[in-house]
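Everything below concerns the one structure shown next.
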Number of protein chains: 2
Amino acid sequence: MKASATDGLKPRKQPIQSRSGVTVEAIHEATIQVLLAEDLGRFTTTRVADRAGVSVGTLYQYFPNKEALLYAILLNHFEAMATEFERIASNAENAPLSDLAASIADAYVSVKMRNPEATKAMYRIAGAINQVRLSSDVFARMGRAVGEILGKANDASFADPKTATFTVLAALAGLARGSFGELGEDHGVLDNLRIESRRLAIAYLHAAASAGKNA
Amino acid sequence: MKASATDGLKPRKQPIQSRSGVTVEAIHEATIQVLLAEDLGRFTTTRVADRAGVSVGTLYQYFPNKEALLYAILLNHFEAMATEFERIASNAENAPLSDLAASIADAYVSVKMRNPEATKAMYRIAGAINQVRLSSDVFARMGRAVGEILGKANDASFADPKTATFTVLAALAGLARGSFGELGEDHGVLDNLRIESRRLAIAYLHAAASAGKNA
DNA sequence: AATATATCTGAACAATCCTTCAGTTTGGAA
DNA sequence: TTCCAAACTGAAGGATTGTTCAGATATATT
């Protein structure tokens, strides 16, 4: 049996009765809350269990270790994002690049806004765990979907769609991170996130497309 | 005496003899190395001291606590960035927006590239400490300098320069983070960082400028 | 009602960890 | 050389943490 990269991070057992489903959900929510309330150094299995109204032993029945709690949050978020992009990719007809770029930006912002606390909590995990090892397949899904969307532009084409995809997503991620961060909250940057994300995606993607014109 | 937000994070004493200057520098470097070698949970004062070839006691003569080690790295990096932007702001003559945008992007990438290990180490700290509390004045310096640079465009003007500044910097940060991250290293994204950063900054800033035309 | 299985509990253990401080070594001024 | 302050040492203390497991409780099945 080959050891997977995500071994020791997956849930330990599946909830069968309904009460255990409630427990798992409570632990998820508590993970986020503890992440927001304390700093990473005080993120503790005991604290999460307390906040979830559950004993530590129960927590360890569904999560093999502390890292798995963070993993679950991260994976949830990225899968929602990937799913959203795939939905757009399969629904979109050929259209002007501006429209496609806008829909990519809107999707990104929508997912981030759907659960702001989870989003903020995510940003605190960042360096704590190896993000790639945890969810490289999810990133691949996102890349493929966005690439597919870009292919539907009827007024532009990309010489290097992979790079264009990587750059938009990374730039949107940076803008969202900055806006959700504590720097932004005081200055009302969050209100502009939607419009600025659109502007950013549209402008960059047009530039990236026209860069390949004479190739 | 009012308590400052950065109390308990500043260096404990200034090096007087030359050997102590060497020690402090060794601790800085060791901080980065430990950050890269182990994950955040195993970032330990003892480990940093060992790697620096120094005893823990010595470490605590210059840093009041573990957090201060991270703070020092972060502050170093951001101050280098702010200084670079200020240098550009005071040297730049009136010029086309494209040139100014390119110089902003170049400066950003240059600082990040100057010490890639420190850059990568920084990304691991992220959520571990309250970034704003630590260095909000440095961020203000960066914002002011970039705003000043944008003001020198002789072919464009900004209705909302603060937002434009925030968005470029956040987007560039996201792109850099993604490129330095482990996702990017395998795919050679780092080679494109310079050109993509330029493209991103130029495209967005033009869009942001023309957005205020009819106001 | 009786049995089996799923779920939950929380005290206990071993492993670190951060930080201090009494004492030693080193560098330079007198 | 003498002497003082700067710089360094590292064992020890007090506190916290991740994880386990033997037993208690709740739900489902017969």
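Worth saying up front: this structure is predicted, and the values here are computed from it rather than measured. Each chain gets a letter, A, B and so on, in the order the sequences are listed, and its residues count up from 1.
Applying the side chain to side chain donor-acceptor pair (under 3.5 Å) rule to pairs touching residues 41-53 of chain B yields B/Glu38-B/Arg42, sequence neighbours excluded.
Shown here are the ring pair (Phe, Tyr, Trp, His ring centres under 6.0 Å) partners of A/His206, two or more places apart in sequence or in another chain: there are none. Remark: B/Glu148 engages no residue in a side chain to side chain donor-acceptor pair (under 3.5 Å) (not counting sequence neighbours). Residues meeting the side chain to side chain donor-acceptor pair (under 3.5 Å) test with B/Asp39, sequence neighbours left out: none. B/Asn76 pairs by the side chain to side chain donor-acceptor pair (under 3.5 Å) definition with nothing, not counting sequence neighbours. Every ring pair (Phe, Tyr, Trp, His ring centres under 6.0 Å) that A/Phe63 has, sequence neighbours left out, goes to A/His28. The side chain to side chain donor-acceptor pair (under 3.5 Å) test applied to A/Glu117 returns A/Gln33, not counting sequence neighbours.
Atom CD1 of A/Ile27 is separated from atom P of C/dT7 by 12 Å (rounded to the nearest Å). As rounded to whole Å, 11 Å separates atom P of D/dG18 from atom CG of A/Leu40. Remark: C1' of C/dC18 and CG of B/Asp50 are 14 Å apart, rounded to the nearest angstrom. Between the CG atom of A/Leu70 and the C1' atom of D/dG18 there is a distance of 13 Å, rounded to whole Å.
The phosphate of D/dG10 (OP1 or OP2) has no side-chain N or O of B/Tyr60 nearer than 4.0 angstrom.
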Collect all protein-nucleotide pairs involving nucleotides 23-28 of chain D in which both atoms are nitrogen or oxygen and the distance is under 3.5 Å.
none

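Put simply, CD on B/Glu196 and CZ on A/Phe166 are 9.5 Å apart, with the number rounded to the nearest 0.5 Å.
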Item checked: Per-nucleotide protein contact string for nucleotides 9-17 of chain C (B base, S sugar-phosphate only, - none; heavy atom under 4.0 Å) -> BB------S
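Note on A/Tyr62: only backbone sugar-phosphate atoms sit closer than 4.0 angstrom, heavy atoms only; bases stay farther off.
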